[in-house]
Engineer: 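Let me give you the structure first, and then I'll get to my questions.
Since the model is a prediction, treat every value here as computed from it, not as a measurement.
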Amino acid sequence: MTTNRLVLVDNATLSGVERITGVSQIMNLNYVDNDILCLEKLVTAILFSDKLLGVDDYKDEFRAGRLKNFDLIGFIKIDQAAYSSLATDAAQFARSMTFSFEGSKPAGDVVRFFEALRINPQLRWDVWVSSEYLTLSYLVENPKYASYETSIDSMFRNEGVDREVVAAETNHRPALNIAGRPDIKDVKEFVHALASNNPQYKREDAKSALARLLFGYGWAAERSYFYNAVAHKEGADAYLAPLRDAFCESCCRIDHPSQLTGLLEALKAKSQQALSSILEPTGRARFAMRLPFFTAYLISKTDNPKQCIDLALSMRKASEFQDCRTIFNNLGHLAAADRVQEINRILNYLDQSCAKLLKKYAVSTENGLSFSLSVGLTGPTLGFSTKLDQLFRFYKNEPFARVFRNIAQDMLNVERLGSLHEKLCSSIRKHSKANYPGISKTPKYMEFKESEHSRPAKL
């Protein structure tokens with residue numbers, strides 16, 4: 001079956017690809033793992049699409065370079081009025097999310113986001129002599145080995161960089177909710193309230209992740225909504241930067257926490273299983289699937305990241321990828337009367353296709369097999385009562401299908417690359433001022449404890 005499957009790739013993904021391929025210099029060296037995942041996103045988009053799309057919304061000084069560097073992508077220019085309307089809706093959606101604190105720990109919607117990212121932040125006072133510094137710190141097993149949290153933190157920094165190079169000027173801050181303090185509406189008021197209760201308060205710690213996480217959560221929500229809306233308009237699927245996929249997964253976790261966890265854990269536990277699914281009588285289905293980490297395969301056959309992209313383009317016409325495009329195309333175009341029986345049949349084909357891809361393209365490194373987990377949704381949107389319905393409100397009563405990569409598993413893939421990691425980094429060009437920005441780390445066993453150097457911070 002011939003398909004015309006369109007995939008929309010966001011600009012944050014392309015920025016990561018530019019850094020890992022050496023097109024642009026890298027300033028923050030902690031971006032590297034994020035950028036490898038961006039390369040994975042691009043090559044996967046190539047393999048599972050017939051044509052790639054992008055949004056031409058960079059500021060003027062960056063536009064020409066972006067268009068030139070990615071001539072494999074058809075960039076679309078959105079009419080200013082339509083763009084403003086989409087951005088306004090996206091910002092409104094972002095503001096509907098809640099970043100809450102209960103005591104020293106995040107609570108509410110954002111907890112599901114941090115679960116998807118597999119991070120555990122906590123507000124703490126860092127004590128230095130007689131001064132105390134407020135910091136949102138990452139709770140880690142061993143502060144000497146916190147490369148994972150450092151990489152995740154860099155993704156939040158990257159959202160800030162992305163925000164600087166697009167033209168939207170809307171307010172995308174999520175709602176801030178402090179348990180027991182409805183009078184506190186924004187982060188400045190929150191910091192002021194904490195400081196006023198602590199006579200030893202000096203200032204916020206420079207390594208604090210508070211502003212980054214609050215900003216990044218809102219911008220990830222805004223961009224996730226925006227790109228999915230544009231994708232709907234263009235009849236395409238959206239392949240988003242890693243942090244934004246994690247946001248979409250967090251919406252699944254808000255609506256269906258036990259089901260989603262069960263699907264992912266089933267695939268992790270059963271090494272031979274390629275797909276696990278749950279189908280509701282309404283025709284809505286959620287599934288998790290196991291696919292190769294294609295970047296590992298591609299770099300094993302090439303010398304550098306740019307060649308990975310070229311090889312993916314040449315592999316695109318292979319029958320196994322054409323079959324998958326047909327399956328995803330069918331998942332997204334099911335008539336209401338065919339939902340349950342037809343989705344079950346198509347998911348069975350998807351299971352078989354994933355198994356074939358794993359057999360042919362999964363690479364075993366000295367640290368284990370490189371495979372990715374993805375969370376999938378298919379079926380009609382029914383209303384506006386859940387976060388997923390709000391995220392996909394433009395699909396109301398329409399069939400649709402979406403797949404989101406599980407960032408925690410993909411970060412594990414990067415850790416397992418071994419010698420292949422060096423090849424993936426072979427084209428990186430370091431900026432003359434390149435560095436490794438630090439993060440605040442606290443041993444996990446100190447979560448509910450205090451010492452002469454640190455303690456939980458709460459109102």
Side-chain angles (χ1 to χ4, degrees), residues 3 5-17 20-21 33-54 70 72-73 224 227-228 231 236-246 248-249 267 274-275 287-302 305-318 320-329 331-332 350 353-358 360-363 369-377 401-414 417 420 424:
T3 59
R5 191 161 188 264
L6 306 178
V7 167
L8 179 73
V9 182
D10 62 1
N11 273 307
T13 296
L14 301 182
S15 294
V17 172
I20 202 68
T21 56
D33 288 353
N34 169 77
D35 296 348
I36 290 174
L37 297 190
C38 288
L39 177 64
E40 171 70 11
K41 263 312 185 64
L42 179 61
V43 297
T44 306
I46 291 170
L47 294 171
F48 293 108
S49 73
D50 295 291
K51 181 180 179 181
L52 294 180
L53 301 177
F70 293 100
L72 71 162
I73 296 175
S224 296
Y227 277 103
N228 277 299
D237 282 348
Y239 276 43
L240 306 179
L243 195 71
R244 298 167 188 180
D245 255 10
C248 293
E249 182 184 318
L267 284 187
L275 186 138
F287 56 92
M289 62 181 184
R290 185 196 301 258
L291 283 171
F293 189 67
F294 288 104
T295 296
Y297 172 84
L298 294 167
I299 197 63
S300 73
K301 301 296 183 183
T302 60
K306 176 63 170 64
Q307 292 177 5
C308 290
I309 297 172
D310 296 335
L311 180 55
L313 287 167
S314 70
M315 290 166 51
R316 185 190 241 168
K317 295 181 181 179
E320 54 265 29
F321 296 111
Q322 291 181 353
D323 290 345
C324 281
R325 292 200 290 274
T326 299
I327 291 169
F328 286 124
N329 189 66
L331 277 175
L350 182 60
S353 295
C354 290
K356 290 178 182 177
L357 289 172
L358 281 165
K360 186 170 183 178
Y361 296 106
V363 172
L369 187 69
S370 293
F371 66 87
S372 295
L373 298 180
S374 296
V375 177
L377 305 168
R402 279 291 181 274
V403 174
F404 314 118
R405 295 286 286 262
N406 179 255
I407 192 173
Q409 180 63 41
D410 274 350
M411 288 293 288
L412 180 60
N413 287 331
V414 174
L417 282 168
L420 297 176
L424 280 168

Engineer: Could you walk me through whether N406 and E249 satisfy the side-chain contact (heavy atoms from CB on, under 4.5 Å) test, starting with their C-alpha distance in whole Å, then the side-chain angles of each, then the deciding distance to 0.1 Å, before giving a yes or no?
Structural biologist: CA-CA 8 Å; N406 179 255; E249 182 184 318; 3.1 Å; yes
Engineer: Is the backbone N or O of R405 less than 3.5 Å from a side-chain atom of D245, with the two atoms forming a donor-acceptor pair by type?
Structural biologist: yes
Engineer: Can you find a pair of side-chain heavy atoms, one from M315 and one from L298, that are under 4.5 Å apart?
Structural biologist: yes
Engineer: Under the side-chain contact (heavy atoms from CB on, under 4.5 Å) rule, what do F70 and L52 come out as? Steps first, then yes or no, please.
Structural biologist: CA-CA 10 Å; F70 293 100; L52 294 180; over 6 Å; no
Engineer: Using the rule given for side-chain contact (heavy atoms from CB on, under 4.5 Å), can you reason through Y239 versus T44, listing the C-alpha separation, both sets of side-chain angles and the distance that settles it, and then say yes or no?
Structural biologist: CA-CA 9 Å; Y239 276 43; T44 306; 3.9 Å; yes
Engineer: So, does R316 use its side chain to make a donor-acceptor pair with the main chain of I46 at under 3.5 Å?
Structural biologist: yes
Engineer: Do you know which of D237, N329, T326 makes side-chain hydrogen bond (donor to acceptor under 3.5 Å, both in side chains) with R5?
Structural biologist: D237
Engineer: Working to the nearest 0.5 Å, report the span between CG of L424 and CD1 of I36.
Structural biologist: 5.0 Å
Engineer: Please examine the side chains of N228 and R402, heavy atoms only from C-beta on, and report whether any two atoms are closer than 4.5 Å.
Structural biologist: yes
Engineer: State whether the side chain of E320 and the backbone N or O of L357 hold a donor-acceptor pair below 3.5 Å, judged by distance alone.
Structural biologist: no
Engineer: Which atom pair, heavy atoms only, marks the closest approach of S353 to I327?
Structural biologist: OG-CD1, 3.2 Å
Engineer: Looking just at side-chain N and O atoms, do S372 and D410 make a donor-acceptor pair shorter than 3.5 Å?
Structural biologist: yes
Engineer: Restricting to ring pair (Phe, Tyr, Trp, His ring centres under 6.0 Å), what partner residues turn up for F321, sequence neighbours left out?
Structural biologist: F48, F294, Y361
Engineer: Are L311 and S314 close enough that some pair of their side-chain heavy atoms sits under 4.5 Å apart?
Structural biologist: yes
Engineer: Mind checking the CG-SG spacing from L243 to C248? Nearest 0.5 Å is all I need.
Structural biologist: 10.5 Å
Engineer: Nearest 0.5 Å please: distance from the CG atom of L14 over to the CG atom of L39.
Structural biologist: 11.5 Å
Engineer: Tell me, do D310 and T302 make a side-chain contact under 4.5 Å, heavy atoms counted?
Structural biologist: no
Engineer: Does any part of the side chain of L377, heavy atoms only, come nearer than 4.5 Å to the side chain of F404, both counted from C-beta?
Structural biologist: yes
Engineer: Write down the atom of A231, the atom of L8, and the distance for their closest heavy-atom approach.
Structural biologist: N-CD2, 3.8 Å
Engineer: Can you tell me how far apart SG (C324) and CG (L350) are? Round to the nearest 0.5 Å.
Structural biologist: 6.5 Å
Engineer: How far apart are the closest heavy atoms of L53 and A236, and which atoms are they?
Structural biologist: CD1-CB, 4.2 Å
Engineer: Please lay out, stage by stage, how T295 and L417 fare under the test side-chain contact (heavy atoms from CB on, under 4.5 Å).
Structural biologist: CA-CA 10 Å; T295 296; L417 282 168; 5.8 Å; no
Engineer: Has S300 got a side-chain atom pairing as donor or acceptor with Y297's backbone, closer than 3.5 angstrom?
Structural biologist: yes
Engineer: Are V7 and F328 packed together at the side-chain level, in the sense that at least one heavy-atom pair is separated by less than 4.5 angstrom?
Structural biologist: no
Engineer: Give, for atom CG of N34 and atom CE of M411, the distance between the pair rounded to the nearest 0.5 Å.
Structural biologist: 8.0 Å
Engineer: Using atom types as modelled and distance alone, determine if a side-chain donor or acceptor of T13 lies under 3.5 Å from a backbone N or O of C38.
Structural biologist: no
Engineer: Say you draw a straight line from CE of M289 to CG of L358; how long is it, rounded to the nearest 0.5 Å?
Structural biologist: 10.5 Å
